[in-house]
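The structure appears below as structure tokens.
We count ligands from 1, going down the list as the structure has it; atoms in each ligand are counted the same way.
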Amino acid sequence: MEEKMKLTMDKLVNLCKARGLIFPGSDIYGGMGNTWDYGPVGVELKNNIKRAWWKRFVQENPNAYGVDAAILMNPRVWDASGHTQSFADPKMDCRSCKQRFRADNLIEAHSKGNQSAEAMTTQEMEEYISQNKVKCPHCGNFNWTPIRQFKLMFETSRGTVEGEKDVVYLRPETAQGEYVNFLNVQRSMRAKVPFAIAQIGKAFRNEITPGNFIFRTIEFEQMELQNFCKEESSFALYEEFKQRSKQFLLDLGFSEQHLRFHDHEKLAFYAKAACDIQFFSPLGWEELNGIHHRSAHDLTRHQEFSGKNLQYVDPVTNEKYLPNVIEYSIGCDRLVLAVLTEAYDEEQLENGETRVVMHFHPALAPFKVAVLPLQKNLSDKAKEVYAMLCKEFRCDYDEAGSIGKRYRRQDEIGTPFCVTIDFDTLEDGTVTIRHRDTMAQERLKIEELVPYISAKIKF
Ligand code: GAP
């Protein structure tokens with residue numbers, strides 16, 4: 001684990017800003033708490049992560065169907081899901097400095113992760129904080145308000161006539177868009193249970209825990225997949241998805257040591273099993289994704305609240321039933337953070353310099369290749385090579401500064417290949433290709449570049 005300690009959240013935030021990965025939201029106005037904007041490099045990384053997820057869980061899964069449901073949904077959806085009644089965090093205000101904190105986070109931070117607040121009642125949390133004299137992390141005082149439940153759903157209103165506005169909510173998860181489309185997808189695609197509905201999209205939560213970069217934000221993207229199955233096969237599918245979601249992370253380059261399962265101690269009344277995969281980050285061990293056995297709760301509730309019969313009819317046996325759901329949910333932005341922390345490295349070079357390098361899986365790397373003319377008077381040839389490569393891959397082009405500095409810049413954004421154009425290129429049509437991880441260099445013909453790089457960036 002030692003090498004991970006080289007990275008602090010401050011270092012990562014600064015690198016991300018300096019290198020065009022992630023900027024503070026509304027930066028020129030002093031920012032807006034818990035919002036972040038992806039820059040030109042970051043948006044490529046995030047898109048590549050979404051592509052890899054979709055490929056693995058939709059494209060390569062013959063029983064999976066994608067949707068892109070509306071963010072604003074009929075408010076009854078949130079009554080059925082239980083969000084309007086109980087989607088809230090236990091919060092406390094420090095009376096001295098007026099900062100607001102989540103009581104469960106205070107307890108877990110105070111106990112250095114040894115005391116989980118997951119299964120605690122409000123009273124138990126208050127008792128723990130009082131008995132252990134848990135102080136305000138901001139001002140150091142012990143001067144708390146009682147715990148209050150803080151609603152996490154953002155409300156907005158729709159209505160064309162002034163005064164006749166209806167409350168609608170920005171969805172706090174994408175999952176409900178998958179549940180409400182269960183029958184639409186099943187019928188239009190002639191899908192047979194077991195099958196899955198997947199979607200990637202924005203979700204919004206009025207979170208009150210600032211200061212952890214993109215780990216917990218008020219606006220974020222989720223990648224969620226609901227498996228609809230018979231009760232008899234549900235536990236096997238739950239176990240399968242635990243393994244598949246971990247394998248996905250291992251295939252993206254995560255080390256086994258930096259991932260672990262965390263089975264939930266306390267289950268929702270309808271849930272039959274639940275676990276997270278946690279990753280090792282500069283914040284410690286944190287949740288990356290969840291796998292939940294939700295029984296037939298979701299379809300049962302939507303059937304009840306919508307008044308529509310949502311039963312699946314087995315085409316062979318004619319059996320009618322509401323399927324169980326095994327949910328797999330991962331925050332895209334949280335996966336971006338995990339990928340960044342996993343990829344980050346600082347290497348001591350022989351000349352005494354430190355090389356910061358992002359060892360992204362090549363399929364995730366924002367730019368696959370950078371074209372670098374050794375001197376500016378080689379730029380015509382270099383631009384020709386760039387024009388060829390950018391038809392196939394996202395490429396960067398850089399002719400400013402020494403070649404060493406240009407390599408360093410590409411290392412910091414994790415570009416797996418740099419192609420250098422020199423005077424021999426004009427003579428024999430060959431270039432130098434330099435590998436990010438080993439810094440080894442080899443000579444290739446220009447026409448070999450596309451097949452060579454294509455083979456190395458597959459996921
Ligand atoms: N539909 C199930 C669901 O939404 P969740 O555990 O609340 O479950 C799933 O969220 C995942 O979404 C989390 O594991 C995390 O990766 C991500 N996530 C949740 N809240 C987030 C936030 N405020 N900011 C960033 N990612 C978040």
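At a 4.0 Å heavy-atom cut-off, ligand 1 does not touch Leu335 at all. If you look at Thr217 next to ligand 1, the close heavy atoms, those under 4.0 Å, come from the backbone and the side chain alike. Of all the heavy atoms of Glu207, the ones lying under 4.0 Å from any atom of ligand 1 belong exclusively to the side chain.
Residue contact check: Glu327 has heavy atoms under 4.0 Å from atoms 1 (N), 2 (C) of ligand 1. Heavy-atom contacts of Glu287 reach the following atoms of ligand 1: 6 (O), 13 (C), 14 (O) (cutoff under 4.0 Å). Near Asn289, meaning under 4.0 Å from any of its heavy atoms, are these atoms of ligand 1: 14 (O). Set against the non-hydrogen atoms of Ala175, the atoms of ligand 1 under 4.0 Å away are 1 (N).
The aromatic rings of His293 and Tyr238 sit tilted, their planes meeting at an angle between 30° and 60°. Between Phe182 and Phe228, the angle of the ring planes lies from 30° to 60°, which puts this pair in the tilted group.
Protein heavy atom in closest approach to atom 9 (C) of ligand 1: Ser329 OG, 3.0 Å. Counting only heavy atoms of the protein, atom 12 (O) of ligand 1 lies nearest to Gln222 NE2, 3.3 Å. With hydrogens left out, the protein atom closest to atom 25 (C) of ligand 1 is Phe215 O, 3.3 Å, a heavy atom. In terms of protein heavy atoms, atom 18 (N) of ligand 1 is closest to Phe220 CE1, 3.6 Å.
For Phe204 and Tyr169, the ring centers are positioned 6.0 Å apart or more.
The shortest N/O to N/O separation between Gly331 and ligand 1 falls below 3.5 Å. Residue Glu173 places at least one N or O, backbone or side chain, under 3.5 Å from an N or O of ligand 1. Taking distance alone, with nitrogen or oxygen atoms compared against 3.5 Å, Ile214 stays at or beyond that limit from ligand 1.
For the pair Trp144 (side chain) and Arg95 (backbone), a donor-acceptor distance under 3.5 Å is absent.
Assignment of Asp333 to the shell around ligand 1 is not supported, since no heavy atom sits closer than 4.0 Å.
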If you apply the rule side-chain contact (heavy atoms from CB on, under 4.5 Å), what do you find for Glu178 with Val185, and how did you get there? CA-CA 9 Å; Glu178 294 152 46; Val185 171; over 6 Å; no
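The residues Glu256 and Lys246 are annotated as salt-bridged, a charged nitrogen and a carboxylate oxygen being separated by less than 4.0 angstrom. Between Glu221 and Lys202 no salt bridge is recorded (no basic side-chain N to carboxylate O distance below 4.0 Å). Taking 4.0 Å as the cut-off between side-chain N and carboxylate O, Lys91 and Asp89 do not count as a salt-bridged pair. Between Arg244 and Glu240 a salt bridge is recorded (basic side-chain N to carboxylate O distance below 4.0 Å).
Remark: of the listed residues Asn48, Ile457, Thr415, Ile457 is the sole one forming a side chain to side chain contact (heavy atoms under 4.5 Å, CB included) with Pro362.
Of the options Arg205, Glu224, Arg294, the smallest heavy-atom separation from atom 5 (P) of ligand 1 is shown by Arg205.
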